[in-house]
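Positions are given from 1, in the same order as the sequence printed here. Start at 1 and go down the list; that is how both ligands and their atoms are numbered.
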Amino acid sequence: MMSVHSFSFVRPPAEAESLRTQVRAFLAEALADRSPLRRADSWMGADPAFSRELARRGWVGMTLPRAYGGHEAGPWARYVVIEELLAAGAPVSAHWIADRQSGPLILRYGTEAQRQAHLPGICRGERYFCIGMSEPNSGSDLASIRSRAVRDGEHWVLNGQKVWTTNAHHSHFMIGLLRTGEKTENRHGGMSQFIIDLKAPGVTVRPITDLSGGRHFNEVYFDNVRLGADALIGAEGQGWEQVTAELAFERSGPERFLSSMALLHTLVDAIGPRPDAAQAAAVGRLVARLAALRQMSLSVTADLAAGQDPAWAASCVKDLGAVFEQDIPEIAQAVLDASPSVDGGSDHAQVLAALMQMAPSFSLRGGTREILRGIIARGLGLR
Ligand SMILES: Cc1cc2nc3c(=O)[nH]c(=O)nc-3n(C[C@H](O)[C@H](O)[C@H](O)COP(=O)(O)OP(=O)(O)OC[C@H]3O[C@@H](n4cnc5c(N)ncnc54)[C@H](O)[C@@H]3O)c2cc1C
């Protein structure tokens, strides 16, 4: 029989909602001078001073235990903060991955020494992480990675290459997935996760310039990188299970449908208070889709908080969210006669150009559309 998961109607509890006013007030002041174009960078914009200031207010690593500098806030408080940061186009990229996934991963799988070493710096907004999964020829088929870590007495020696590593150029550490054993009949075996110090001798980070001229991701090379035994995180050979657990958190947050918010804002401003019928209908439909996606994302957050594994529902949020984010530049062009401009022009023209260049990547990063739809089909019992 087909097992069908339904999305439920949930709202963040009042206690978490009460944070919203504080966060908004802080952002209104802190981002007063931030242009719409810079707001379009959203979670790709890095600003370590901003990250530290957020942390000072208790809004980085907020779900982590107090013993490590966190605030033991529940997932809803974090959701409200993240939602406000992204809706405002705050520059959260520096601490983003550490806050979203490396911190929780270290808490869950790390030794006490690893927790003590990394979590306080994450909670201060000072220690940044990147994700080393993809390799040349190993993206969707992650189990085919070839980078390897080999035991040498008390050390691990790493060789290989990662690619598309967002933020490696301003991160201190990578949590990397490496091969530590041979493939057996279980093709997901023989992989382990490592906390890799990006300053270690033998690590080379080379930037890749993207379509918009931005430098967000990198190639990372390992050439006989020697790490201590304590670089292994979690159990040897359990890397696949650990990575899979990470991905449900990576695929359902508000970042999966808010990436084009700066453009929705400039579109509404550019249309002005007297939209024609087509403009009113288009903006109305976009806002209705936004509300539905938000509701789905809240529902997955509730499942994660209840300890369930909503992998396919998280994939629905990411897939439908990316379609929504990619539709906004298309719809903006269809309902308003404004040309995109990379070189001056109105706020709307500049944000439109930026989003048109960024949008193709929304359905690649974090798992491609085809891969997500495969997970959804499996969840629905269709394959
Ligand atoms: C902006 C951005 C940031 C990124 N940041 C990171 C990062 O920080 N860390 C990291 O590790 N990676 C990162 N990635 C890499 C990303 O995870 C991969 O690009 C993605 O998983 C796809 O892998 P690939 O590029 O090798 O494409 P491929 O896997 O080669 O896919 C190419 C095409 O074939 C399709 N395809 C592949 N297999 C199947 C299949 N079985 N069935 C149907 N269709 C299939 C895909 O859907 C896609 O359309 C980033 C990517 C982008 C765009």
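Put simply, the side chain of Asp276 gets close to the backbone of Gln279: a donor and an acceptor are under 3.5 Å apart.
Under 3.5 Å, the side chains of Arg38 and Gln350 contain no donor-acceptor pair of N or O atoms. Judged by distance alone, the side chains of His170 and Asn167 do bring a donor and an acceptor atom under 3.5 Å apart. For the residue pair Gln116 and Glu112, a side-chain donor N or O sits within less than 3.5 Å of a side-chain acceptor on the partner. Arg215 and Thr209 share a side-chain donor-acceptor pair at under 3.5 Å.
For ligand 1, the protein residues placed under 4.0 Å by at least one non-hydrogen atom are Ile131, Met133, Ser134, Gly139, Ser140, Trp164, Thr165, Thr166, Phe217, Ser361, Leu364, Arg365, Thr368, Glu370, Ile371.
Residue Arg151 qualifies as enclosed at atom CZ: its count of foreign heavy atoms under 6.0 Å is above 12.
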